[in-house]
Amino acid sequence: MLDAWTASDVASGGGVFPMMSAQLDLDFASDDHARAQIDAAVSYLLRDTSGAARDHAVEAIVEMVRGVAGRSPHSDTASNRSPMTGVTYRDFVIDAYRRDVDRWRATIRRANGKKIRIAFPPSVRDEATTTSDAITAEKAVEFARMAIDAGEVL
């Protein structure tokens, strides 16, 4: 569920890492599952890095964690939620969330809790996230519906 950014982006002067797709604590099955997701994300970001580039990427990751730890527990969670949560469409539930000002995305999951299949790249997941930012929550939900209709999420 990472957005498209890598440690090499920082090494090449790309600046601070953008925020990961918002994933509220209630989306994790357990603390161990959350830790496994963090481990996978850090491993992904550090792949193919070494030397100073790796050190810089580690510093950026640590700084991001400090930023998250410094926020009040519920301050930004509520502001990133949308009235467009729990929208049922066909056999799916769509939840919109705000990544940044005027940048909304949506997650798609099965209403029955079963895993979904992603058409490209082929994978099986608990949920999928739209890949394009929308200006409103409603538009993000529309993007999710279009992905379902186009067969991108099965």
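Taking each heavy atom of Ala140 and Ala106 in turn, the nearest pair found is O-CB, 3.6 Å. Gly86 and Asp95 get closest at one heavy-atom pair: N-OD1, 2.5 Å. Minimum interatomic distance between Ala57 and Leu46 (heavy atoms only, all atoms of both residues): CB-CD2, 3.8 Å. Residues Val153 and Ala128 approach most closely at CG2-CB, 4.5 Å, considering heavy atoms.
The shortest distance between side-chain heavy atoms of Ile118 and Arg125 falls below 4.5 Å. Looking at Ile116 and Val124, their side chains never come closer than 4.5 Å, going by heavy atoms from C-beta outward. Using a 4.5 Å cut-off on side-chain heavy atoms (C-beta onward), Thr130 and Trp104 make no contact. Counting only heavy atoms from C-beta outward, the side chains of Thr129 and Ile108 never approach each other to under 4.5 Å. Residues Arg109 and Phe92 have side chains not in contact (no heavy-atom distance under 4.5 Å, counting atoms from C-beta outward). Residues Asp91 and Arg110 meet the side-chain proximity criterion, which asks for heavy atoms closer than 4.5 Å.
Judged as a salt bridge (Lys or Arg N to Asp or Glu O under 4.0 Å), the pairs with a partner in residues 145-154 (not counting sequence neighbours) are, in order, Arg90-Asp149.
Remark: Arg35 pairs with Asp32 by the salt bridge (charged side-chain N to carboxylate O under 4.0 Å, His left out) rule, at least two apart or across chains. With sequence neighbours left out, the salt bridge (charged side-chain N to carboxylate O under 4.0 Å, His left out) criterion links Asp126 to Lys115. Residues satisfying the side chain to side chain donor-acceptor pair (under 3.5 Å) criterion with Glu142, sequence neighbours excluded, are Lys139. In this structure, Asp55 has no side chain to side chain donor-acceptor pair (under 3.5 Å) partners at least two apart in sequence or on a different chain. Under the side chain to side chain contact (heavy atoms under 4.5 Å, CB included) criterion, Val62 pairs with Val58, Arg66, sequence neighbours left out.
Of the possible polar contacts, none joining the Arg54 side chain to the Gly51 backbone as a donor-acceptor pair under 3.5 Å is found.
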Q) Ile94 and Thr107: side-chain contact (heavy atoms from CB on, under 4.5 Å), yes or no, with the steps? A) CA-CA 6 Å; Ile94 303 169; Thr107 57; over 6 Å; no

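Note on Tyr89 and Val93: separate hydrophobic clusters, where clusters join Ile, Leu, Val, Met, Phe, Trp and Tyr whose side-chain heavy atoms are under 4.5 Å apart, directly or indirectly.
Atoms CZ and CG, from Phe143 and Asp133 in turn, are 9.0 Å apart once rounded to the nearest 0.5 Å. Of the inter-residue distances, the one linking Leu154 atom CG with Arg117 atom CZ reads 5.0 Å to the nearest 0.5 angstrom.
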